[in-house]
Amino acid sequence: MSVRLADIIDVLEAAYPTALAQNWDSVGLVCGDPVEPVDAVTVAVDATAAVVAEVPERGLLLAHHPLLLRGVDTVAASTAKGALIHQMIRARQALFTAHTNADAASPGVSDALASALDLTVEEVLAPTPAGPDLDKWVVFVPVEDADAVRQAMFDAGAGQMGDYSHCSWSATGTGQFLPHDGANPAIGSVGTVERVSEDRIEVIAPARRRARVLAALRSAHPYEEPAFDIFTLAPVPGNVGLGRIGVLPSPEPLSAFVSRVCDALPATSWGVRGSGEPDSQVSRVAVCGGAGDSLLDVVAGADVQAYVTSDLRHHPVDEHRRTSDVALVDVAHWASEYPWCHQAAELLRNQFGDALAVRVSAIRTDPWNVERTGHES
């Protein structure tokens with residue numbers, strides 16, 4: 001039984017949802033017909049000419065890095081990337097990209113990196129908020145009008161919590177007010193302090209429905225000037241996002257941990273570099289596959305002893321080391337993401353079994369390919 005490209009795409013988009021991709025990114029199907037069968041899948045970090053040459057006819061290349069990203073306005077065969085696309089189409093090859101959506105997914109790129117280092121993942125380093133932005137509404141209303149106000153707010157979109165609706169909380173107390181000249185009170189009279197038995201109603205609602213909920217509240221509330229508060233709720237962290245925090249089987253010196261990283265990842269000309277006290281103990285570690293210097297401030301407050309990522313630059317590292325005790329371990333960008341290839345391959349093998357041949361390309365697509373250390377004597 002043949003596997004259609006569309007079947008593979010369904011599995012990949014479930015594991016690496018497109019919604020998790022950064023807004024600048026380009027992920028998903030690049031070329032290929034979803035209705036056509038696929039005989040084999042090759043997984044790689046980059047869609048280079050050497051990698052494409054390994055993909056058989058009617059094969060799919062699953063790449064982490066987008067081939068077509070910024071500033072692309074032509075795929076003419078006279079351009080390097082355009083020629084590659086034309087070659088793939090002629091060979092009935094497909095190309096699919098899972099980039100920042102695979103970075104943020106759970107499990108994703110950083111989970112694969114953590115596993116390679118024998119870290120037990122405990123939490124997400126920079127979680128993506130789960131669900132929409134929410135408001136909490138607190139409304140004070142006479143007891144006899146509380147049900148009408150609740151229902152109006154529910155009809156406007158408030159009170160939804162997962163698979164539940166009409167959610168609210170109430171408590172009864174005493175409201176007090178003094179109408180002044182010009183007021184037209186629904187209860188009481190101008191110049192007299194009024195005390196009313198009121199319900200305090202609390203509900204949540206999506207922030208995008210704020211105007212609609214407010215209009216419903218004012219329409220249903222008997223008071224000329226309803227008393228209410230709107231609180232913006234802090235986002236609830238989810239199990240997806242950039243980077244991971246994990247623990248080692250047992251503490252070890254930074255020098256030994258750097259060696260661990262070097263042994264666990266494929267060799268590159270970039271190598272592995274550490275910044276910190278060699279004898280300091282490391283047990284709790286943050287990792288981020290790919291370029292991770294944008295998370296240095298997060299790492300500094302994450303209660304970790306070391307951070308493994310790639311593409312660290314001199315000045316951000318210098319500033320970090322002046323203010324933080326968290327050691328840094330810098331690896332090649334390609335090497336930090338290569339473990340994901342095996343994760344993605346295993347995902348497809350588990351789903352399709354013998355019906356689909358899946359392999360990880362062994363080609364090193366790291367653009368740094370000339371290594372030289374030290375000085376000649």
Side-chain angles (χ1 to χ4, degrees), residues 5-6 8-32 34 41-48 51-52 60-75 79-82 84-85 88 93-114 124-133 235 237-244 287-298 309-313 316 331-341 343-345 347-348 361 365-367:
L5 176 57
I8 302 173
I9 290 174
D10 287 344
V11 173
L12 293 173
E13 289 187 339
Y16 311 118
T18 303
L20 294 179
Q22 299 290 309
N23 57 14
W24 52 263
D25 202 5
S26 177
V27 301
L29 188 63
V30 179
C31 68
V41 177
T42 300
V43 188
V45 175
D46 301 282
T48 65
V51 170
V52 170
L60 165 66
L61 173 57
L62 169 58
H64 180 51
H65 290 151
L67 178 65
L68 307 176
L69 188 57
R70 299 184 181 92
V72 176
D73 56 11
T74 178
V75 288
T79 65
K81 292 183 177 181
L84 207 58
I85 293 293
M88 297 189 75
Q93 297 167 336
L95 174 60
F96 188 93
T97 299
H99 190 210
T100 54
N101 49 329
D103 289 336
S106 178
V109 172
S110 291
D111 294 285
L113 175 57
V124 180
L125 177 61
T128 299
D133 293 335
N239 67 337
V240 299
L242 298 180
R244 297 293 184 267
V287 301
C288 180
D293 62 1
S294 63
L295 298 178
L296 284 174
D297 287 344
V298 178
T309 190
S310 65
D311 296 346
L312 292 178
R313 296 168 294 152
V331 304
H333 191 118
W334 170 82
S336 74
E337 295 174 331
Y338 186 72
W340 170 82
C341 296
Q343 177 199 95
L347 168 74
L348 296 176
S361 175
T365 59
D366 182 11

Whether Trp340 and His64 hold their rings parallel, tilted or perpendicular, with breakpoints at 30° and 60°: tilted
Atom CG of Asp297 with >12 non-hydrogen neighbours under 6.0 angstrom: no
Note, Thr100 side chain near Trp24 side chain (heavy atom, < 4.5 Å): yes
Leu5 to Ala94 - nearest heavy-atom pair and separation: CD2-CB, 3.8 Å
Check: Thr42 side chain, Leu61 main-chain N or O, donor-acceptor pair, under 3.5 Å: no
Nearest heavy atoms of Ala47 and Leu84, plus distance in Å: O-CD2, 3.3 Å
Heavy-atom closest pair, residues Asp366 and Ala332: OD2-CB, 3.8 Å
Any side-chain heavy-atom pair of Leu60 and Gln93 under 4.5 Å: no
Backbone of Gly108 reached by a side-chain donor or acceptor of Gln343 within 3.5 Å: yes
Flag side-chain contact, heavy atom, 4.5 Å: Ser26 against Thr97: no
Spacing of Asn239 atom CG and Ser106 atom OG [to the nearest 0.5 Å]: 4.5 Å
Non-hydrogen side-chain atoms of Leu62 and Ile8 separated by less than 4.5 Å: no
Spacing of Asp103 atom CG and Leu20 atom CG [to the nearest 0.5 Å]: 10.0 Å
Considering all heavy atoms, the nearest Cys288-Gly292 contact: SG-CA, 4.3 Å
Nearest heavy atoms of Cys31 and Ile85, plus distance in Å: SG-CD1, 4.4 Å
From CA spacing to verdict: side-chain contact (heavy atoms from CB on, under 4.5 Å), Leu69, Asp25: CA-CA 7 Å; Leu69 188 57; Asp25 202 5; 3.8 Å; yes
Spatial distance of atom OG1 (Thr128) from atom CD (Gln22) [nearest 0.5 Å]: 7.5 Å
Gap separating the OG1 atom of Thr309 from the CG atom of Leu113, nearest 0.5 angstrom: 8.0 Å
Spacing of His99 atom NE2 and Thr18 atom OG1 [to the nearest 0.5 Å]: 14.0 Å
Rounded distance [0.5 Å steps], CH2 in Trp334 versus CG in Asp46: 9.5 Å
Which atom of Leu125 lies closest to which atom of Leu242, heavy atoms considered: CB-O, 3.5 Å
Over 12 foreign heavy atoms within 6.0 Å of CG, Asp311: yes
Side-chain touch Leu68/Lys81, heavy atoms, less than 4.5 angstrom: yes
Validation row: Cys341, Val45 side chains within 4.5 angstrom (heavy atoms): yes
